[in-house]
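The structure under discussion appears below in the form of structure tokens.
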Amino acid sequence: MTLDDLVEVLLNKGAVLHLDLIVAVADIPLIGVSIRAAIAGMETMLEYGMMRNWDEATRAWAERSTARRAIDLRENESLVCRMSGGHLLAEGVCTGWRPGTVYLTDRRLVVLREEPRETLWQAELDTVRAVRLDPERTVGGEERLRLQVALADGQEVRLSAQDPGKLHDLVTAACGGRLRAPFPASSVTDEQPLVEGHLWYQESRRGEPLWRGGQGRLTAGRLTWKSPVDSRPALALATADITEVRLSAERSPAGNGRVLVLRTATRGEVRLTADGLGPWTEGLTAVLPDTGTGTAAGAAAGTTAAGTAT
């Protein structure tokens, strides 16, 4: 095994060391040493739940430290979150994204550009009347979620964010029940999670598939997956793009020997697994679009049957 191979194994999979050492003098044992250690890349450590408290504390400290230097907080105003993002400028014939940093405090939602320093957009939280997540296809063909914000004066603003789902939930919570629903009811309903929790996603890396652990979220309109160390979701799949849902007997990092296979119209096959596949199987089957050709019904029946087998 070369050094490159060793580093790749440590970063992607990790290693566990068990060492028992006894120091003896004249055949008389004097000192005993017992070592149990796990060595892996930080991404692998976080995926398996190790060092998560240290990672969260370090990230929170860095965000607070950076935020205090970047945004001028008012008296008794506290920061809720900070993440990279942007504001869509749409005035007359001028339309374009202006990148910056999104700050959410307990009073304001602000998009700030640091160099040159400029407040691109801000609003008091008591003027926010509704927020929703909207999909948008980029120039490169990638689909991303944007945050649509409706204000009391009737204005609607579009924001991008590193983690749009988290920002949406935090803004909703910070508004403290003051939000109304001027958006279509179906759009608001689609944002409510049907299933949410730890999920494994098989991602292509260097031409070979690699299982990665992270957080999955399924709504009526979208399935997203994000690793703890990713800046944005690695998977953002519209449920309308799913044509078939089935269970397959394969090696699984969850240890149950079952993998959830989604056939899609644009991404080919997507493979997922979890410790408990039942809720994910039922949720995905429920949102599978009915094409009228029997495909959805057949897939739902087949998935249900497979999901009850153990």
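From a predicted model like this one, the values you see are computed outputs, not experimental measurements. Reckoned from all heavy atoms, side chains included, excluding hydrogens, waters and symmetry mates. Quick note: residue numbers are just sequence positions, from 1.
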Report task. Compare every heavy atom of R158 with every heavy atom of P135, then report the nearest pair and how far apart it is. Result -> O-NH2, 3.7 Å

Can a donor-acceptor pair be found, under 3.5 Å and without considering hydrogens, that links the side chain of [X] to the backbone of [Y]?
| X | Y | value |
| --- | --- | --- |
| R258 | L277 | no |
| T243 | R263 | yes |
| T127 | L151 | no |
| N256 | G276 | no |
| D134 | R146 | no |

Query raised in the report: Does CZ in R251 sit with more than 12 non-hydrogen atoms of other residues, nucleotides or ligands closer than 6.0 Å?
Result: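 Open.
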
Report task. For I22, look at atom CD1 and say whether over 12 heavy atoms of other residues, nucleotides or ligands are found less than 6.0 Å away. Result -> no

Query raised in the report: Would you call the rings of Y201 and W225 parallel, tilted or perpendicular, where under 30° means parallel and over 60° means perpendicular?
Result: tilted

Query - Residue among D275, L272, T273, L260 satisfying side-chain contact (heavy atoms from CB on, under 4.5 Å) with S252 - result: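 So, applying the side-chain contact (heavy atoms from CB on, under 4.5 Å) to S252 and each of D275, L272, T273, L260, only T273 qualifies.
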
Query raised in the report: Would you call E136 and R144 a salt bridge, taking side-chain N to carboxylate O under 4.0 Å as the test?
Result: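 Salt bridge: no.
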
Report task. May I ask you to say whether R108 pairs ionically with E124, meaning some side-chain N is under 4.0 Å from a carboxylate O? Result ->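 No, R108 and E124 are not salt-bridged.
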
Report task. Apply the test salt bridge (Lys or Arg N to Asp or Glu O under 4.0 Å) to residues E77 and R107: give CA-CA distance (whole Å), side-chain angles for both, the deciding distance (0.1 Å), then the verdict. Result -> CA-CA 7 Å; E77 184 181 23; R107 301 184 188 180; 5.4 Å; no

Query raised in the report: Can L19 and V33 be said to form a side-chain contact (heavy atoms from CB on, under 4.5 Å), step by step?
Result: CA-CA 8 Å; L19 175 63; V33 180; 5.8 Å; no

Report task. State the CZ-OG1 distance between R113 and T119, to the nearest 0.5 angstrom. Result -> 10.0 Å

Requested in this report: Please round to the nearest 0.5 Å and tell me the distance separating atom CG of L237 and atom CZ of R267.
Outcome: 6.5 Å

Report task. Could you state whether L125 and V149 fall into the same hydrophobic cluster, counting links through intermediate Ile, Leu, Val, Met, Phe, Trp or Tyr residues with side-chain heavy atoms under 4.5 angstrom apart? Result -> yes

Query - Shared hydrophobic cluster for V270 and L194 (ILVMFWY, side-chain gaps under 4.5 Å) - result: yes

Query raised in the report: Can you find a heavy atom in the side chain of T239 that is under 4.5 Å from one in the side chain of L218?
Result: yes

